[in-house]
Protein chains: 2
Amino acid sequence: MTDSDALGTDARTEAPRARGGRPRASSRRTLEDAASELFLEQGYAGTTIDQIAQRAGVGRNTFFNYFAAKSDLLWLDVDETIAALPGVLDETSEDVSPSAALERAVTALAARHPHSAVPIALSQREPMATQEEFLSAGLSRFLAVAHALAGFLAERVEGHVDPTIVRAAANATTAAAATAAGAWALAGVERGDLAAEVDRAIAPVCRGFASQLDARRPTGA
Amino acid sequence: MTDSDALGTDARTEAPRARGGRPRASSRRTLEDAASELFLEQGYAGTTIDQIAQRAGVGRNTFFNYFAAKSDLLWLDVDETIAALPGVLDETSEDVSPSAALERAVTALAARHPHSAVPIALSQREPMATQEEFLSAGLSRFLAVAHALAGFLAERVEGHVDPTIVRAAANATTAAAATAAGAWALAGVERGDLAAEVDRAIAPVCRGFASQLDARRPTGA
DNA sequence: CCGGTTTCGGTACTGAGTCCATAATGAGTC
DNA sequence: GACTCATTATGGACTCAGTACCGAAACCGG
């Protein structure tokens, strides 16, 4: 609904197209590490960008060369998985119905996610002050995924379905997947298979929309 | 997932329990009007809180006595409808299955919404700079609705269903409803019936979860 | 050595949101 | 009426994220 270009709000993600110019001072990872340390020490809200930059031995402005916002630091691991979504969508078999393809794609994406990769804000139980900012920053990820799924679905249904229904299916599926992923992340050490959890949550949604998404003729109104 | 108390992030919503104390200087509505005017004149991003307060003839801090954030002004009408959700849930018949109750409740809520009440950020087409902030502020509304629905559902299924599934159903339904509502709001003058649109979007979700939500025994794992 | 290009880093600014102390205003109480 | 007490208004000062600008590194090709 918002844009179409990218997933995160990263400023310069990873484009090693260095054609001349001053070389990077090894910063990106350094900043992530510095931030993680400080978050553990003083919490997210209690850490300023100045402190992060300072610990990383870097100017404050340089921080914004790598991250568009402080809150992007909360979603580092997740962003990597989300970045794989376009590839997963491309690889999704053409031989199944749209609703099944949707389910498979999302589950496949979840399967790619490292078992240990859990956002800092969830692994450490901060004084709850973060939650709002964490979720707020998560919204752009949600929208990116939902948007990609909607595009994928729209292509598969080839205009046979009301666009609003297509987007509703994509959004609802994303919401269900996010719910499962959140529960999985909060489950602590003995958490099971993310893909299985996600599939359990999205399967009903995909099934519910199947009759409309998989119809070859425009449905309803 | 976040909290349980309220819908909006309003500071002092409406508790006319005035037992002594300095009377309110008629401000709340005055502030809303001043803000609406300024938004139309200069857009949301181009308007500062100082300007709003000044036009309302009020100190800057007073603004924060009525609204917790500038972005709350974008969701005024919607907040009123959301505030009616608890009542709608209470009135929802006990005679239907949980999944049907969910669908009915959400549709009933949509039916209450005034046909002309569309968030400023959507009715006027601002230079798109707002969108992000608009949605970001909308997140707390989304979460409030989803949380309320999850609680409602949890009560109806009486522990027969995995809580994660319950929340997935609530979140997915909310997402579908929000999608429909957004499309409805953007449809311009000839938009039809909101409740019908919402029902069209959420029905598949509710149907999809029906077999699990309506089971009298724990399902699956 | 000379543009071109990229990153780095400092200064300065805007504006949201918070904190705090103080005044204003009214309701109850004696 | 005088004295609390609770509530709201308001102004000043502050923190900090995010933006804009600019000049200085640092590397590239020629």
Side-chain angles (χ1 to χ4, degrees), chain A residues 8-31 34-35 38-39 42-74 127 129-130 132-134 136-137 140, chain B residues 8-31 34-35 38-39 42-74 127 129-130 132-134 136-137 140:
Chain A
T9 36
D10 324 80
R12 287 152 177 64
T13 344
E14 335 243 339
R17 65 225 152 72
R19 267 282 302 261
R22 176 172 176 168
R24 304 200 149 181
S26 80
S27 304
R28 168 122 196 167
R29 185 57 187 269
T30 314
L31 279 166
L38 286 166
F39 289 169
Q42 355 173 337
Y44 174 82
T47 303
T48 72
I49 295 183
D50 291 86
Q51 292 172 340
I52 298 172
Q54 195 170 357
R55 177 163 301 196
V58 124
R60 195 180 104 96
N61 276 326
T62 303
F63 176 88
F64 288 104
N65 280 351
Y66 289 91
F67 306 95
K70 180 187 174 187
S71 51
D72 281 353
L73 293 167
L74 296 172
T130 311
E132 188 167 346
E133 213 154 356
F134 171 68
S136 178
S140 65
Chain B
T9 36
D10 324 80
R12 288 154 176 63
T13 345
E14 337 239 340
R17 65 220 151 76
R19 268 282 301 259
R22 178 172 174 168
R24 305 198 148 182
S26 80
S27 303
R28 169 122 197 167
R29 187 55 188 269
T30 315
L31 279 165
L38 286 166
F39 289 168
Q42 356 174 337
Y44 174 81
T47 302
T48 71
I49 294 183
D50 291 86
Q51 293 172 340
I52 299 172
Q54 194 170 359
R55 177 164 301 197
V58 124
R60 195 181 103 97
N61 277 324
T62 302
F63 175 89
F64 289 104
N65 279 350
Y66 288 91
F67 305 97
K70 181 187 174 187
S71 52
D72 282 353
L73 292 168
L74 296 171
T130 311
E132 189 167 345
E133 213 154 355
F134 172 67
S136 178
S140 64

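Hydrogens, waters and symmetry mates play no part in the numbers below; they use all other heavy atoms, side chains included. Just so it is clear, the model here is predicted, and its values are computed rather than measured. In what follows, chains carry the letters A, B, and so on, assigned in the order in which the sequence lines appear, proteins first and then strands, with residues in each chain numbered from 1.
- Separating the CG atom of A:Leu74 from the P atom of D:dA17 is a distance of 12 Å, rounded to the nearest angstrom.
- The rotation axes computed at either terminus of the helix from C:dC1-D:dG30 to C:dC30-D:dG1 lie 10° apart, taking five pairs at each end and rounding to 10 degrees.
- Interatomic distance, CD of B:Glu133 versus NZ of B:Lys70, reported as 6.0 Å (0.5 Å rounding).
- Between A:Thr62 and C:dT7 there is no side-chain N or O to OP1 or OP2 distance below 4.0 Å.
- Taking every heavy atom of residues 46-54 of chain A and every atom of DNA chain D, pairs under 4.0 Å involve A:Thr47, A:Thr48, A:Ile49, by number.
- In terms of heavy atoms, B:Ser140 sits closest to B:Ala137 at OG-O, 3.1 Å.
- Computed from coordinates, the A:Glu133 CD to C:dA16 P distance equals 16 Å when rounded to whole Å.
- We find that CZ of B:Arg24 is positioned 11 Å from C1' of D:dA9, with the value rounded to whole Å.
- Between B:Phe63 atom CZ and D:dG11 atom P the separation is 16 Å, expressed in whole Å.
- Residue A:Arg60 places a side-chain atom within donor-acceptor reach of the base of D:dG18, judged by atom type and a 3.5 Å distance cut-off alone.
- Judged by distance alone, with hydrogens and angles left aside, the side-chain atoms of A:Thr30 form a donor-acceptor pair with the main-chain N or O of A:Ser27 at under 3.5 Å.
- Minimum interatomic distance between B:Val58 and B:Leu31 (heavy atoms only, all atoms of both residues): CG1-CD2, 4.3 Å.
- In this structure, B:Tyr66 does not reach the D:dT8 phosphate: none of its side-chain N or O atoms is under 4.0 Å from OP1 or OP2.
- Counting to the nearest Å, the P atom of C:dA16 and the OH atom of B:Tyr44 are 8 Å from each other.
- Taking CZ of B:Phe67 as the reference point, atom CG of B:Leu73 lies at 5.0 Å (rounded to 0.5 Å).
- Two residues are said to be in side-chain contact when any heavy atoms from C-beta on lie closer than 4.5 Å; A:Ile52 and A:Phe39 meet this criterion.
- Going from atom CG of A:Asn65 over to atom P of D:dA17 covers 17 Å, rounded to whole Å.
- At least one donor-acceptor pair under 3.5 Å links the side chain of A:Tyr44 to the backbone N or O of A:Ser71.
- Atoms CD1 and OG1, from B:Ile49 and B:Thr62 in turn, are 12.0 Å apart once rounded to the nearest 0.5 Å.
- The shortest heavy-atom contact between A:Arg60 and A:Ala53 is CA-CB, 3.8 Å.
- In this structure, B:Phe63 CZ and B:Asp72 CG are separated by 7.5 Å, a value rounded to the nearest 0.5 Å.
- Remark: P of D:dA17 and NZ of B:Lys70 are 19 Å apart, rounded to the nearest angstrom.
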Under 4.0 Å protein heavy-atom contacts per nucleotide of nucleotides 20-30 of chain D, with B for base, S for backbone only and - for none | B----BBBS--
